[in-house]
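Every chain is numbered from 1, with letters handed out A, B, ... down the list of sequences. Heavy atoms only: backbone and side chains are in, while hydrogens, waters and symmetry mates are out.
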Amino acid sequence: MKYIYQFTLILFITFLGEFIYNIIPLPIPASIYGLLIMLFCLQVKIIKLEMVKEAGAFLLEAMPLMFIPAAVGLLTVWQEVTDILLPLIIIIIFSTIIVMAATGRTTQFIIRQGGESDNERNNL
Amino acid sequence: MKEIICNSVYFGVTISILSYILGVQLKKKFGWRLLNPLLVSIVLVISFLLIFEIDFEAYDKGAKYLSYFLTPATVCLAIPLYQQLELLKKNLKAVMIGISAGVLSSFGSILALSYLFQLTHVQYVTLLPKSITTAIGIGLSQEIGGIPTITVAVIIVTGVFGNIFAESICKLFNIKDPIAVGLSIGTAAHAMGTAKALEMGEVEGAMSSLSVAVAGILTVISASFFVNLL
């Protein structure tokens, strides 16, 4: 029964997310509302970690599988972009690399800076 | 035989999972990065459908039940995030500035490259949501005058690319801090990249989960400033 309880709880929160998505006219999807609700409930201990842990871990482990159908769906649109296929692929590759590098380097720079000033404070 | 397959609601799910398992086994055996299980399963399923001339709709009749679980799975990204909440609070400034830098560089690089390849305005705005999660990207594409189906395709290719090369790219740019690694993967390659980050470690997974939500929302808020630049 443990898994049934856990799954039901996760599905209920997903439903709440969907509900909020339908009443708030913002371009934020149900899944993000659900994520925020789940985070809030865990933080204020309405939901204890043990109440969602195993089912949650299962869903996260299976997550790559859930992307397969959408990716296979590329079959149906690729004819629409054949004339710009090469620039499209180049843009996707370079832009993705640039975003990763910019995000990672910036974050790392600030963390290390912060770490140094913490050390300085400790030395005083 | 073909008719049975086309009418089955179990075929799509089964072939997807089987090809994914095969991908995992191949990766284990050869350890080669391009043998990414997600990529292998996509290629295998597409090949199968093309060889046996099975329509995507027939495949999706069953496979859509895999997609169905994507929303609850995304909700569960809150769990690793919750477990790393203290770390997040401690590094809040770095996290927010890092994700913002990522979102800006996404817009900037797409603008520059679209200009370079002389893309049309519609093609340019279709690309703008490329690094954010599909559910947000479709809506945004519609709103700014893009072509949603192509936006989805671009988002997926970005995700697959990120999933395969995230580790190599982080190594190449000497990004070692697990917080920075997680954020860069989630900001650049949304939930598909996050699936990889979750395999890399708890901190990486949590930070990647966070950046899917934050980068998505930031992109929606700031996209309008970039829409009319090309």
Side-chain angles (χ1 to χ4, degrees), chain A residues 10-11 13-14 17 27-32 34-36 38-39 42-43 49 52-53 56-57 59-60 62-78 80-81 84 87-108 110-111 114, chain B residues 16-17 20 38 41-42 45-46 56 60 63-64 66-67 69-79 81-82 91 94 97-98 101-102 105-106 109-110 113 117 131 135-136 139-140 149-150 153-154 156-158 160-162 169-170 173 175 177 179-180 183-184 187-188 192 195 198 213 220:
Chain A
I10 292 167
L11 286 178
I13 299 221
T14 310
I28 296 171
S31 56
I32 302 293
L35 191 162
L36 295 174
M38 179 70 91
L39 188 62
L42 284 167
Q43 180 66 6
L49 192 56
V52 290
K53 201 176 173 191
L59 282 172
L60 290 179
M63 205 171 177
L65 289 172
M66 303 163 193
F67 293 113
I68 298 173
V72 172
L74 291 176
L75 252 182
T76 58
V77 291
W78 91 277
E80 292 176 42
V81 294
I84 51 161
L88 218 54
I89 288 173
I90 294 175
I91 293 175
I92 290 173
I93 291 175
F94 277 92
S95 163
T96 306
I97 293 174
I98 290 169
V99 176
M100 272 191 196
T103 312
R105 296 292 303 185
T106 307
T107 309
Q108 196 163 275
I110 298 173
I111 288 175
Chain B
S16 303
I17 299 180
Y20 185 79
L38 184 59
S41 56
I42 294 165
V45 175
I46 289 184
F56 174 73
D60 201 44
K64 70 176 179 208
L66 277 176
S67 317
F69 285 103
L70 197 53
T71 308
T74 309
V75 171
C76 289
L77 289 175
I79 299 170
L81 186 53
Y82 164 72
N91 294 286
I97 297 176
S105 68
S106 176
S109 59
I110 292 168
L113 290 162
F117 288 108
S131 277
I136 306 183
L140 179 61
T149 50
I150 297 179
V154 170
I156 289 166
V157 176
T158 301
V160 175
F161 177 77
I169 296 170
C170 286
F173 287 96
I175 301 164
D177 186 289
I179 298 175
L183 292 178
S184 65
T187 306
M192 289 172 102
L198 286 166
V220 169

Mind checking whether [X] and [Y] have side chains closer than 4.5 Å, heavy atoms only?
X: T107(A); Y: D177(B); result: no
X: V220(B); Y: I28(A); result: no
X: F67(A); Y: I42(B); result: no

Residue pair [X] / [Y]: nearest heavy atoms and the distance that separates them:
X: L42(A); Y: A78(B); answer: CD1-O, 4.1 Å
X: Y82(B); Y: Q43(A); answer: CE1-OE1, 3.7 Å
X: E80(A); Y: T149(B); answer: OE1-OG1, 3.8 Å
X: G102(B); Y: T103(A); answer: CA-OG1, 3.1 Å

Which residue out of [options] racks up the most heavy-atom pairs below 4.5 Å with chain B?
options: I91(A), L49(A), V77(A); value: I91(A)
options: A71(A), G56(A), A102(A); value: A71(A)
options: S31(A), P29(A), G34(A), P69(A); value: P69(A)
options: I13(A), V81(A), L65(A); value: L65(A)

Please determine, among [options], the option with the most heavy-atom pairs under 4.5 Å with chain A.
options: S105(B), A135(B), A195(B); answer: S105(B)
options: V160(B), V154(B), L198(B), D60(B); answer: V154(B)
options: I17(B), I46(B), L38(B), V45(B); answer: I46(B)
options: T71(B), N91(B), I136(B); answer: I136(B)
options: G162(B), S16(B), G139(B); answer: S16(B)
options: P72(B), A63(B), A101(B); answer: P72(B)

Steps toward side chain to side chain contact (heavy atoms under 4.5 Å, CB included) verdict (M63(A), T74(B)) = CA-CA 8 Å; M63(A) 205 171 177; T74(B) 309; 4.1 Å; yes

Heavy-atom distance under 4.5 Å to chain A: side chain of [X], backbone, both or neither?
X: I169(B); result: side chain
X: L140(B); result: neither
X: L66(B); result: both

task = Look up atom CD1 in I10(A) and atom CZ in F69(B), then write down how far apart they are to the nearest 0.5 Å.
result = 10.5 Å

message = Within this structure, what is the CG-CD1 distance for the pair L60(A) and I79(B), rounded to the nearest 0.5 Å?
response = 6.0 Å

query = If you measure only the distance, is there a donor-acceptor pair under 3.5 Å linking the side chains of S109(B) and S95(A)?
reply = yes

Proximity breakdown for [X] and chain B, heavy-atom pairs closer than 4.5 Å:
X: T96(A); answer: both
X: I68(A); answer: both
X: V52(A); answer: both
X: I84(A); answer: side chain
X: L88(A); answer: side chain
X: I32(A); answer: side chain

request  = Determine whether more than 12 heavy atoms belonging to other residues, nucleotides or ligands lie under 6.0 Å from atom CZ of F117(B).
outcome  = yes

